[in-house]
Every structure is written in structure tokens, then in C-alpha cells.
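Let me begin by presenting the structure, written as C-alpha cells, before commenting on it.
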Amino acid sequence: MWRDALLVAGKDLRIEARSKVALGQVVPFALVVVLLFGLALGPAVGRGSVLSQAAPGLFWVAVLLAAVLAVQRSFAIEALDGASDGLRLSGLDPAGIFVGKAAAVAGQLLALEVVLAGAVALLYDRHLAGGLLLAASCVAATAGLVAVGTIYGVVSSGARQRETLLPLLFFPMVAPILLAATKSWDAALAGTPGRGIAWLDVLAVFAVAYLAMGTVAFGPLLEDA
Amino acid sequence: MSLTTTPTTRATAAAGAGRTGADRPGNGAPGARAAKVEGRRGRRRSDVALTAVGVCALVGVLVTVWLGLWVTPPDRFMGNLVRLLYIHPSIAWVMYICYGVAFLSSLAYLWPRTRSLRFDKLAGASSEVGVVFTGLTLVTGSIWGRPTWGTWWTWDPLLTTTALLFVLYLGYLAVRRIPGEPEVCAKRSAIAAIVAFVDVPICYFSVLWWKSLHQPPSIADPVTGKTYIHGSMAWTLLLSFVSFTLVYVWLVARRYRLFVLAEREGDEGLALALAERRAESREAQA
């Protein structure tokens, strides 16, 4: 399974490296969202301003919006040229395909989060404290996001209206991630990482639950996609 | 309603279509006719049972309204607002039944030994009714919350989870509408139902902790326990639970039958059309 996962993740990342859709469209889109929040809630900056106070939440909303695009992209590349038939016929372990596709999206999202965190620190004037907790919650939250995203990506890939269906399925599902990741970032940035540990646990539980569900459910879903 | 009287088997549909009145059954092959008569008798019995449930539900709801609005006294603390509590908890209760049944029948569909499209239809019917009752729960809760808490909405764990349930299952219903082979759709929907259902407790507990970090839960249980659980009030509430559960059974059974009819229409519609077309050309030749 792990070898298959590596193969699929490598394939997806290679396609990304050549097409540069995430770099050229998803990352700029997330930056636009960060700017839009600034316009909606600004222009005051500095400690105590709305923007600075809401920075963790706004960061994660931007990540969520970008995550939908990344997941959509991840399944759009399978929709072309009968690629999904090829994937099904390849004899790869479905669980491996699930982990591989999720890992490829996770890699892209983590890179995006680094860029976005910089943008948020800069534009919303918020010092990024508690680096370890920030990074840990990024990893756990991203794992949960891509697990749900990959399950629903394959569920909605059969639909003709998948562009509109995926966000409807995805956002309510990941509401707990938004909540927990925001709280954990809040705690880290406020300099009280102890309060964030419980939220990190929520993120980890969510990620483990949906990664496990995805490895089981992906086979039957892919068969019929 | 004319669909309910169409022949039950495809053979009789094709044979019966020889006459122009295709919706008037009764001239199929003898064996098919016997099967049909048997089927119709079973249908009639379930029809009677369903109508009885419907009548009971209607009477129950009407009596609940009468008891709730006229017979029971106003509450000592909440005054007349308490009357909303005769329907709000029972609607919420039906909502839980809906999602519970949808979850269990999705599991039953995925379990190889109980795999049957009947469970898929049941899950679909139940979750559709569930979305309606979730909407009603939110609306009645808001109407009650405005005068009692002074706000239409509060980020209480129960409220927030209910709102998320509403959108989660709207998404599930959208998944059910993705076209495809019945078995494929059923499997996909069943997985989506389980994936969504697992999210509900996670939502609830994360919102619970989220709130508890902000402020102590100022709104404890919206049902203020002892104040109304006696005498006519208790009976009204009990009747309300029973009658809304009957409403649920009736709605789900109707919706289920609609699924069956829609499926049969798909199956038999083509056969009927073909038979009619052949009969036309035969008449033209004669």
C-alpha cells in the first residue's frame, strides 16, 4: 500500500510540477482571499485591531477555500484522457491510491499554508509565536482536510455538477477542523500553547477517523466513479 | 395516483398495453394475473395500514394542538411560551429518528448479507424527511429562543450542530441525485451517509468545548425540566411525541412508495411505450 501511495503521490506532484496550477492559481487565489479579508475588516492594523484579532480564523478560512480548489484539481487531472480508467486498471491498492492522492494534496496545502502564514503575519500585523504548535496544528488539520476532501472528491467526481457539489459537501464536514485549528492557532499566537493542546487532539482525532474511513471506503467508491 | 393502479409486473404491462386503457389492468396471462392479484391484495392491506397511520397521525397532531393551545395551563415561568415546547422537542426527536434510520439503513446496505436497494430507498426517504424536520427544529427553536433568550440564534452546541446537520444532509441529498446505475448510486450514497453521520458527534463536542472556553454554558438545557412535567402538560407532550412519530412513519412510507413508483415508471415506461407503439402499427396495418 505504501509503495502504491508513493507512486500515486509522485505522479500527482509531477503533474503539478509541470502544469503549475497550484502555484499559478491556487496560491494567488488564497492571497486574494487574504487581501479581501483585509479590505472587508481593515484598514486598522496593529494589536487589538479586528484583523489582527481574527487573523487565525481568517487564515484558516483562506486555507479551506484553497483546499477545495486543490482537491478539485486533484480529481480534474484524473478526469482527462480516461485517466481514471487507467488508475482503476493499474492494479494499485485503492487504499494506496487514496493515501497517495491525499498526500499529494497535503504537500501542496502545507506549502500554501507557509506562504499564507507569512502573508497573514505581514498584512494583519500579527507576530507568529508558538511555532511548534502552529506547525503541528497545520499538519493535523491538513491531514483531516485532505482526507475528507479526497473522499468527497471521488464521491462527486461522478456528478456532472461536481464544481458546485464539492464545496457543499466539503465545508460543513470540515467545520470542526476550522473551529479546532483556529482555536489552536489562537492559543499559540496568544502565547498560551497549553490551551491549544486539546484542540490539537481534536484535529488529530478527526484526521485519524477520516483517513481510516477513506482507506476503507475508497476502493468501493473508485470502482464506480 | 394513476400509477398505483398500473400492472405490477412487466409481463402484464406489455400484455395489458394491447388495449388502449393501459392503466386498467386485468387481462394478463393467468399466472401473471394470479401473482398480480396476490400483489394487489398485499398492496391493499399495506394501503389500509398506511392510511390508518396517516389518520392517527393527523388526529394526534390535531388533539396535540387542541391540548397545547386551549386545555393546558400557561407555565408558571414561561407563560404561554411553554406551548411551543409541546411541538419543538417532538420535532427534534423525529429529526434524530430520521438520521438514525438513515444511518442504520446505509450500514445495512453496505453490509453484504443485507444488501438490498430497499435499504437505499429507506435511507433516502428518511433523510429527506430528516432535512424537513431539521428545518422545522431550527425554526421552532428560533421562535422560542427569541422571547426566552432574547435572541433568534446563539452559538450553543446543540443549535450549531443542528444547523450543520441541516447543511450536511442537504449535501447528502445532493449526492443522492448524482445520476448513475442504481447499485452504484446506492453504494455511493450509503458511504456518504456514514461519512456525514460520523461528523455529527465531532461537531457537537468541538462546539461544546469551543463554548466552554469562552463562557460558562449560560443556556443549559432548553427544556426546563421539572416545571412542566406533570398533569395535562406531560400528557400533551407525550401525545405530541407519539403523533409526530406517526407523522414520520407516514411520510417515510409515502416517500418510500414514491421511490418505488419512480423506479417502476423508469422500468416499465419503456416497455409500455414500446407495446403501445407496436399496437399502433398493428392497427395501422389491419
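In the text below, chain A, chain B and the rest are named by the order of the sequence lines, each starting its count at 1.
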Flag if over 12 foreign heavy atoms under 6.0 Å of CH2, Trp153(B): yes
Greater than 12 external heavy atoms within 6.0 Å of Arg118(B)'s CZ: no
Separation between CG of Leu168(A) and CG of Leu173(B), rounded to the nearest 0.5 Å: 9.5 Å
Part of Phe166(B) within contact of chain A (heavy atom distance under 4.5 Å): neither
Choice from Leu168(B), Leu165(B), Asp199(B) maximising heavy atom contacts with chain A below 4.5 Å: Asp199(B)
Minimum heavy-atom distance Tyr210(A)-Val195(B), with the two atoms named: OH-O, 2.8 Å
Residues from residues 169-182 of chain A approaching chain B under 4.5 Å (heavy atoms): Leu169(A), Pro172(A), Met173(A), Ala175(A), Pro176(A), Leu179(A)
Heavy-atom neighbours of Phe29(A) CZ exceed 12 at 6.0 Å: yes
Contacting region of Val155(A) [heavy-atom separation from chain B under 4.5 Å]: both
Minimum-distance pair of heavy atoms, taken over all atoms of Ser156(A) and Ile178(B): CA-CD1, 4.3 Å
